[in-house]
Amino acid sequence: MTEELGDWKRTHTCGELRSADTGRTVTLMGWAHRRRDHGGLIFVDLRDRTGLTQCVFNPATSAGAHERAQSIRGEFVLAVRGVVARRPSGTENPKLGTGDVEVQASELKVLNEARPLPFPIEDDVTVEELVRLQYRYLDLRRPSLYRNFVIRDRTCQAVRAYLHEHGFLEVETPFLTRSTPEGARDFLVPSRLSPGSFYALPQSPQLFKQLLMVAGFERYFQIVRCFRDEDLRKDRQPEFTQIDIETSFLNRDDLLPLIEDMVRAVIDRVHGVEVPRPFPRLAYAEALARFGTDKPDLRFGLELVDLTELFRGGEFQAFQQVIAAGGVVKGLAVPGAGGLSRKEADDLVTAAKSYGAQGLVWVKITPEGLQSPVARFLEPIRGALLERLRAAPGDLVLIVGDAMPTAATVLGRFRVELAQRHRLIPTGGYALLWVVDFPMFEWSVEERRWQAMHHPFTAPRDEDVHLLDGRPGEALAKAYDLVLNGQEVGGGSIRIHQQVIQQKVFELLGITKEEARAKFGFLLDALEFGAPPMGGIAFGLDRLVAILAGEDSIREVVAFPKTQKGSDPMTEAPAPVSPGQLRELGIAVVDSGREPRS
Ligand code: ASP
């Protein structure tokens with residue numbers, strides 16, 4: 001039997017009471033986290049989002065409340081009234097904020113009952129993710145998950161406060177729109193009023209934010225949902241949230257410090273940590289050479305070392321061929337990792353090949369000398385090798401000779417993997433850096449054409465504009481990524497605001513005048529009506545919050561995420577629709593049910 005709330009008012013939360021409250025009459029509301037029957041006394045841990053309070057039902061205090069408490073089961077919704085008392089000495093619970101006190105219940109209302117749960121509401125219970133997502137509202141009752149949303153909320157709060165303070169205006173842009181230029185597959189929405197035509201859900205507000213600059217808004221931001229219909233490899237979601245920003249009249253070196261301070265404000269708000277400024281900057285080429293990636297984790301060293309000159313002209317034929325073909329030899333020393341078994345070493349070679357390298361040389365540095373399948377080629381250069389790599393006995397050295405960037409990226413992966421395996425990455429810190437000077441274009445071998453490394457509206461560096469005629473592969477862009485602990489959290493660029501250059505970039509990308517007109521004609525028009533210099537950035541909010549919350553997966557910081565197959569086990573979206581709905585849209589499904597859902 002349940003009761004109405006009536007005129008009961010909650011006086012305190014379940015995380016609030018302390019021994020100083022002893023003697024007060026309080027009313028708490030929440031969920032029955034646990035119930036224990038102890039010879040006449042019934043203990044109920046009452047939980048709300050702030051914590052737990054122990055409530056004691058004693059027949060001597062109230063026979064009625066005690067009687068009713070016997071019906072309480074896990075997750076019943078309760079209102080408890082009673083007096084705060086110190087717990088008998090020796091029964092305090094130091095793990096709970098409220099652990100010194102209990103509420104001696106005199107009245108109880110059961111506001112609602114609950115079926116037996118599919119899983120207990122505990123942080124350390126492992127439950128299959130599908131079940132968690134199917135009952136996400138129960139999953140979200142877990143304190144650690146709730147904490148993630150507090151971090152998310154504080155992040156957004158700090159962003160809004162900072163940007164408003166700096167003259168930014170929050171503006172919404174449409175969801176029902178046309179294709180945007182991020183280059184992923186669009187989600188399409190059929191139009192009922194124009195049968196056969198479709199809206200595309202925006203992959204980002206890129207074109208609109210540039211138009212807002214043409215409109216003279218100067219400083220725009222939006223915390224906005226974006227949609228990309230990609231295969232959900234790794235840790236992606238089909239809909240995700242960006243902190244999207246655009247400004248006018250700022251060059252890169254004005255913009256980056258402004259953004260830096262926003263990120264510092266967020267970390268300060270969330271964790272009370274002051275991150276030093278300015279954030280270091282690394283050119284893309286340097287990041288690749290030293291860390292084998294354009295998102296280096298700078299919480300630890302383990303830099304790659306170029307060994308090409310050391311091996312040039314030597315006896316090791318495999319490397320000679322690589323060098324003769326214009327390739328490089330790169331090495332990495334992992335401190336204290338030299339104790340690996342032959343099998344583990346062979347596994348590294350297999351992994352290197354699966355990462356695209358032709359091979360991998362491993363070397364164990366021992367007090368007696370070098371241990372390696374190719375030790376005899378290395379002995380003559382041992383001194384120089386160890387010095388260049390700053391390697392010492394007990395270390396493991398990995399060497400790859402290959403074309404750039406393969407040699408670097410393969411070692412870059414080992415750098416991170418081995419640092420993780422050997423616990424060389426300090427936790428709790430924030431290593432932020434800008435990666436700048438990205439190439440404008442990358443050559444797509446499959447499609448035999450240039451592709452924009454960022455997006456087609458990214459401006460070349462002033463000194464590189466002339467390279468667009470003839471040597472586009474060498475032109476660097478006014479693009480930048482913000483990297484936090486080895487993950488890209490934001491990326492943006494100064495935009496092209498002159499039609500002529502925009503046209504040239506489209507040509508290089510193989511976008512014909514007609515295609516450009518058809519796709520982005522409105523933007524091209526706008527660029528002819530007095531477009532100011534502009535630039536901006538977009539942050540992946542989910543990723544940023546996941547890092548701040550110490551979570552590996554962004555699904556832990558999205559309230560209702562999708563599975564790897566893009567489905568939602570709770571609502572069962574996506575779902576078939578009625579023939580009537582399809583008819584109204586002028587759509588016939590020819591091959592339904594092709595892909596199994598899960
Ligand atoms: N629209 C870009 C993106 O989503 C970011 C930017 O250039 O501002 O990656």
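What you see is a predicted model, and the numbers here were worked out from it, not measured in a lab. Whatever order the structure lists ligands and atoms in, that order sets their numbers, starting from 1.
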Close-contact set for ligand 1 against I537 heavy atoms, below 4.0 Å
8 (O)
Minimum heavy-atom distance V416-I425, with the two atoms named
O-CD1, 4.5 Å
So, does E488 sit close enough to ligand 1 that a heavy atom of it is under 4.0 Å from the ligand?
no
Verify the distance criterion only: is there a donor paired with an acceptor across the side chains of Q203 and D186 at less than 3.5 Å?
yes
Students should be able to answer this: which protein heavy-atom is nearest to atom 1 (N) of ligand 1, and at what distance?
Q206 OE1, 2.6 Å
Look at atom 5 (C) of ligand 1 and say which protein heavy atom is nearest, naming residue and atom and giving the distance to 0.1 Å.
G491 O, 3.4 Å
Taking atom types as modelled, is there a side-chain donor on Q502 or Q498 under 3.5 Å from an acceptor on the other?
no
Does A538 approach ligand 1 within less than 4.0 angstrom via side chain, backbone, both or neither, non-hydrogen atoms only?
both
Identity and separation of the nearest protein heavy atom to atom 7 (O) of ligand 1:
R495 NH1, 2.7 Å
Verify, without hydrogens or angle tests, whether R290 (side chain) and A285 (backbone) share a donor-acceptor contact under 3.5 angstrom.
no
Nitrogen or oxygen atoms of K209 and ligand 1 under 3.5 Å apart
yes
Enumerate the atoms of ligand 1 whose separation from the nearest heavy atom of G492 is less than 4.0 angstrom.
6 (C), 7 (O)
What protein heavy atom is closest to atom 3 (C) of ligand 1, reported as residue, atom name and distance in Å?
E182 OE2, 3.4 Å
Could you tell me whether D462 and K478 make a salt bridge, using a distance below 4.0 angstrom between a side-chain N and a carboxylate O?
yes
For Q222 and T173, which I'm curious about, is there any donor-acceptor pair between the side chains at under 3.5 Å?
yes
Residue-ligand contact Q203/ligand 1, heavy atom below 4.0 Å
no
Looking at S191 and S194, what are the two nearest heavy atoms and their distance?
OG-N, 2.9 Å
E246 and ligand 1 - part of the residue with a heavy-atom distance under 4.0 Å
neither
Any atom of ligand 1 sitting under 4.0 Å from a heavy atom of Q242?
yes
Can you see whether E442 engages Q451 through a side-chain donor-acceptor pair at a distance of less than 3.5 angstrom?
no
Would you mind listing which atoms of ligand 1 come within a distance below 4.0 Å of any non-hydrogen atom of H454?
6 (C), 7 (O)
Between F168 and Y162 (judged by ring centroids, cut-off 6.0 Å), do the two rings come close enough to count as a pair?
no
